[in-house]
Colleague: 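Handing you this structure, nothing more for now.
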Amino acid sequence: MLVIRAPGTNRDGDAVFAFEKAGAEVVLAHINQLIRGECNLFDYQIFVVPGGFSYGDDIASGRVLARPGQRIKTEIQ
């Protein structure tokens, strides 16, 4: 499975921990690795965008993820 992280996210580590405890092989990757093609969504059975933002999302993590998310939209539909 693939867990995506971005500046200001804080639940990605929890997602990795939980899925590893459940027996999954987990890759933690930065959103830019996905955009650059270093990770391919089609290589994974599960794709996780963790919720929870540090500092109450004051540094706009949601927007940080949304902009590149538009680039990968066709892959996740």
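Residue numbers count from 1 along this sequence.
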Colleague: How many angstroms lie between atom CG of Asn40 and atom CD of Gln33, to the nearest 0.5 angstrom?
Modeller: 13.0 Å
Colleague: How many angstroms lie between CZ in Arg5 and CG in Leu34, if you round to the nearest 0.5 Å?
Modeller: 12.5 Å
Colleague: Measuring from atom CD1 of Ile4 to atom CG of Leu41, what distance do you get when rounded to the nearest 0.5 angstrom?
Modeller: 7.0 Å
Colleague: Are Tyr44 and Val49 linked, directly or through intermediate hydrophobic residues, by side-chain heavy-atom contacts shorter than 4.5 Å (ILVMFWY only)?
Modeller: yes
Colleague: With salt bridge (charged side-chain N to carboxylate O under 4.0 Å, His left out) as the rule and sequence neighbours excluded, what pairs involving residues 29-49 come up?
Modeller: Arg36-Glu38
Colleague: Identify, with sequence neighbours excluded, every residue that meets side-chain hydrogen bond (donor to acceptor under 3.5 Å, both in side chains) alongside Glu25.
Modeller: none
Colleague: Show your working on side chain to side chain contact (heavy atoms under 4.5 Å, CB included) between Val48 and Leu2 and close with a plain yes or no.
Modeller: CA-CA 6 Å; Val48 175; Leu2 177 64; over 6 Å; no
Colleague: Would you tabulate the side-chain donor-acceptor contacts of residues 13-22 under 3.5 Å, counting partners in other chains and residues two or more places apart, or write 'none'?
Modeller:
from, atom 1, to, atom 2, distance (Å)
Asp14, OD2, Arg11, NE, 2.8
Asp14, OD2, Arg11, NH2, 2.1

